[in-house]
Number of protein chains: 2
Amino acid sequence: MSNRKSSPKKKQRVTINDVARAAGVSNATVSRVLSEYEFVKESTRNRVMEAVERLGYVPNLQARSLASGHSQIIGLLVPNLDNSYIGTITQGIDQELAHSNYDVMLYTSHRHPGKESYYVDAFANGLTEGLLLIAPLVPAAYLDTLRAQNIPYILIDQADAAESSNVVEATNWQGAYEATRYLCELGHTRIAFITGWLGVQSAIDRLEGYKAALTDGAIPIREELVIQGDYQQQTGYEITQKLLQSVDPPPTAIFASNDLSAFGAMDAAREAGLAIPDDLSILGFDDIPQASFVYPKLTTVRQPLELMGQVAVKMLLEQIEDRSLPPQRVALATQLVIRDSCRRIDPTE
Amino acid sequence: MSNRKSSPKKKQRVTINDVARAAGVSNATVSRVLSEYEFVKESTRNRVMEAVERLGYVPNLQARSLASGHSQIIGLLVPNLDNSYIGTITQGIDQELAHSNYDVMLYTSHRHPGKESYYVDAFANGLTEGLLLIAPLVPAAYLDTLRAQNIPYILIDQADAAESSNVVEATNWQGAYEATRYLCELGHTRIAFITGWLGVQSAIDRLEGYKAALTDGAIPIREELVIQGDYQQQTGYEITQKLLQSVDPPPTAIFASNDLSAFGAMDAAREAGLAIPDDLSILGFDDIPQASFVYPKLTTVRQPLELMGQVAVKMLLEQIEDRSLPPQRVALATQLVIRDSCRRIDPTE
DNA sequence: CTGAAAGCGCTAACAA
DNA sequence: TTGTTAGCGCTTTCAG
């Protein structure tokens with residue numbers, strides 16, 4: 001008989017009822033103690049905590065969410081994870097989350113390329129209380145459903161047309177304007193521009209900033225110097241190769257829409273036998289960590305990536321708490337970081 | 001009366017019962033259809049699917065896991081996300097996961113530094129069916145509990161002493177040996193070594209490989225050339241600065257335990273006015289994407305990071321399916337990738 | 001081949 | 001201050 005209850009092999013999970021029994025209270029009381037409900041007698045609380053301790057009880061999350069309607073989980077949708085642009089933003093997200101009780105589900109959009117509906121389902125399944133979308137993604141594929149399901153979401157570094165989206169971005173236009181301006185002031189007149197993926201607004205804004213600065217500097221915009229990229233290093237490399245071969249006279253400066261593209265450009269330039277910045281100035285956008293570690297150190301427009309992540313989390317949690325909050329858009333200031341990849345040239349060159 | 005049911009504002013979620021009612025069957029039947037149970041009459045199945053479609057029904061994940069005991073979620077625990085070492089592994093994880101029905105929860109160990117217990121709870125809460133741990137982490141803090149809870153886990157790029165751990169790693173010893181050997185063959189005799197964080201076995205293995213190669217090359221091991229690092233770029237930078245100042249005669253080559261440290265070393269060397277590889281050869285470990293984009297391109301020991309991620313997922317899913325599987329350890333081959341950061345020197349130099 | 005019914009572990013009124 | 005009682009939405013016997 002006695003060996004019945006001593007069987008330790010029962011790997012059954014400890015439930016709230018076990019704790020309740022052990023503490024001689026009802027499960028409701030245990031629940032109250034665990035959710036830090038105020039009106040529980042000190043002694044009862046102690047008894048419960050002791051039992052929790054002793055049994056090694058850990059609440060079951062799905063049961064809790066099912067009953068309460070809150071999962072305390074947010075989703076993070078990213079195109080991929082192989083560059084530190086995303087990584088840095090995520091760092092910020094993470095920091096902010098440390099102050100909260102939320103955890104994060106990771107969704108990568110390339111896991112099911114073209115299967116946006118898969119994700120839409122995943123978001124709608126109730127697991128996730130809100131969503132952080134980091135650019136560059138094709139938001140249109142998700143956003144309608146998200147709105148229909150009334151799931152709060154924040155777009156990071158990419159605006160969309162709908163008024164109802166929350167977005168955290170940087171002052172892309174201004175950043176690009178200022179950077180281009182800087183290049184002009186260094187005497188450059190043949191400034192090529194490698195765009196980002198033009199499916200997102202931020203890429204368009206950067207392009208517009210570039211154009212505006214040229215116009216203000218009385219430099220004609222030459223379409224053959226504006227090439228469509230996609231934020232990938234490899235593409236930056238290929239574009240630059242082509243640019244250097246086919247445009248005559250060649251540009252004296254290249255402004256890339258993100259640092260990764262700029263790295264690609266540097267590489268192509270070097271392969272073409274051009275010294276940076278002596279033969280060619282290169283300027284990036286983002287200021288990811290490697291920007292200060294490549295050689296020469298990359299002059300770039302800093303986006304406050306970490307801060308963007310933090311702000312996004314803050315906004316999202318607010319929206320989750322109070323669904324009636326009006327949508328917000330915040331644009332954080334960019335800053336030109338002058339390092340070693342651009343040099344002054346004689347205008348007559 | 002009629003306006004009662006036309007009220008479209010009821011933002012209540014569509015449940016399985018709604019579908020059942022709409023299709024004129026029981027919820028059990030809907031469940032069967034959705035879980036692709038074989039023995040459902042064709043016509044019934046169609047009716048159900050039609051209703052699912054029409055109502056836009058998406059199953060609630062927590063309810064499903066609660067009832068079934070399976071969440072179809074695995075956890076990914078990483079130290080951080082700001083470098084592409086983790087990113088590349090994650091890429092592999094992701095690819096493999098694309099074939100499965102599992103999603104991933106992301107836990108970063110620096111979110112709650114020192115609060116390992118927080119994570120242990122998070123893992124034990126039933127949300128996660130298994131765990132992928134990417135180095136460098138302090139596994140001891142988790143593993144006991146994981147084992148006690150019988151949660152399957154895989155250590156990536158870090159072994160631990162316990163026989164019972166599943167691990168996916170690379171041939172660290174051999175990789176380091178071969179690389180050091182290469183440096184010797186280039187004529188180097190003063191080869192400094194920047195270790196990784198010695199809390200993980202892989203870092204120790206690399207150190208041992210380095211030492212063994214020196215010994216085999218009849219080169220004495222000089223302790224002042226072996227400096228303890230931690231896999232961070234910044235640390236690699238600081239160590240190299242010190243190394244170049246304080247050791248006389250200075251090393252002619254530096255072998256860093258990971259690429260990030262190697263980048264730091266390159267930077268310090270350059271600041272000290274040394275040309276790479278002319279004045280100093282530098283060799284890394286990992287072959288993260290940037291390795292081929294820094295200047296000069298980094299010679300390094302390639303770890304099959306993506307593959308490691310894929311294999312880890314495969315192993316984990318197997319373990320989840322069948323908890324009784326014996327623990328496995330697989331070591332994937334490394335490969336020396338010779339690029340431009342090392343050069344032959346005259347032994348008399 | 002399908003339905004009824006009993007939970008999974010927890011929360012949240014409602015009583016007491 | 002605490003217990004009782006319904007569920008949350010789904011899966012899974014067990015009958016039929």
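A, B, ... follow the sequence lines: proteins, then strands. Residue 1 opens every chain.
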Exercise. Do any N or O atoms from the side chain of R64(B) and from the backbone of P59(B) form a donor-acceptor pair under 3.5 angstrom?
Worked result: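 Pair absent, no side-chain N/O of R64(B) close to backbone of P59(B).
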
Exercise. Counting N and O atoms only, with roles assigned by atom type, does the side chain of E129(A) sit under 3.5 Å from a partner on the main chain of Q72(A), one being a donor and the other an acceptor?
Worked result: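 Checking the backbone N and O of Q72(A) against the side chain of E129(A), a donor-acceptor pair under 3.5 Å is found.
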
Quick check for you: among [options], whose closest atom lies nearest to any side-chain atom of [X]?
X	options	result
F39(B)	dC1(C), dC8(C), dC10(D)	dC1(C)
A63(A)	dC10(C), dC1(C), dC10(D)	dC10(C)
N60(A)	dC10(C), dC1(C), dC10(D)	dC10(C)

Exercise. Sequence neighbours excluded, which residues qualify as side chain to side chain contact (heavy atoms under 4.5 Å, CB included) partners of H99(A)?
Worked result: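 In terms of side chain to side chain contact (heavy atoms under 4.5 Å, CB included), with neighbours along the sequence ignored, H99(A) is linked to E96(A).
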
For this session: With sequence neighbours left out, write down each residue that passes side chain to side chain contact (heavy atoms under 4.5 Å, CB included) with A312(A), or none if nothing qualifies.
Result: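 Once residues adjacent in sequence are excluded, the partners of A312(A) under the side chain to side chain contact (heavy atoms under 4.5 Å, CB included) criterion are L132(A), I154(A), I156(A), V168(A).
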
Using whole Å, report how far [atom1] of [X] lies from [atom2] of [N].
X	N	atom1	atom2	answer
R47(A)	dT1(D)	CZ	P	14 Å
R21(B)	dA4(C)	CZ	P	13 Å
E38(A)	dT2(D)	CD	P	13 Å
Y37(B)	dG3(C)	OH	P	13 Å
L66(B)	dG7(C)	CG	P	14 Å
L34(A)	dT11(C)	CG	P	7 Å
N17(B)	dG9(D)	CG	P	8 Å
Y57(A)	dG9(C)	OH	P	10 Å

Exercise. When the aromatic ring centroids of F123(B) and Y153(B) are compared, is their separation below 6.0 Å?
Worked result: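 No, ring centres 6.0 Å or more apart.
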
Exercise. In this structure, which one of V33(B), T29(B), L34(B), V30(B) forms a side-chain contact (heavy atoms from CB on, under 4.5 Å) with V19(B)?
Worked result: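 Running side-chain contact (heavy atoms from CB on, under 4.5 Å) over V33(B), T29(B), L34(B), V30(B) with V19(B) returns exactly one hit, V30(B).
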
Could you pull out every donor-acceptor pair under 3.5 Å between side chains of residues 37-51 of chain B and any protein atom, sequence neighbours left out?
from	atom 1	to	atom 2	distance (Å)
R45(B)	NH2	Y37(B)	O	3.3
R47(B)	NH1	A23(B)	O	2.7
E50(B)	OE2	R54(B)	NE	3.0

Exercise. Does K41(B) or L61(A) map to a spot on DNA chain C nearer the 5' end, using the closest nucleotide for each?
Worked result: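 Looking at the nearest nucleotide for each, K41(B) comes out on the 5' side.
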
Exercise. Could you give the angle between the helix axes at the two ends of the helix from dC1(C)-dG16(D) to dA16(C)-dT1(D), with five pairs per end, rounded to 10 degrees?
Worked result: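 What I find for the helix from dC1(C)-dG16(D) to dA16(C)-dT1(D) is an axis angle of 30°.
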
Pick out the pairs of N or O atoms, protein on one side and nucleotides 3-6 of chain D on the other, that lie under 3.5 Å.
from	atom 1	to	atom 2	distance (Å)
dG3(D)	OP2	S26(A)	N	3.0
dG3(D)	OP2	S26(A)	OG	3.1
dG3(D)	OP2	T29(A)	OG1	2.5
dG3(D)	N7	R32(A)	NH1	3.3
dG3(D)	N7	R32(A)	NH2	3.3
dG3(D)	O6	R32(A)	NH2	2.3

Problem set entry | Y85(A): partners by side chain to side chain donor-acceptor pair (under 3.5 Å), with sequence neighbours left out |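 Once residues adjacent in sequence are excluded, the partners of Y85(A) under the side chain to side chain donor-acceptor pair (under 3.5 Å) criterion are D157(A).
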
For this session: For the residue pair D322(B) and E318(B), establish whether any side-chain heavy-atom pair is separated by less than 4.5 Å.
Result: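 Contact flag for D322(B)/E318(B) side chains = no.
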
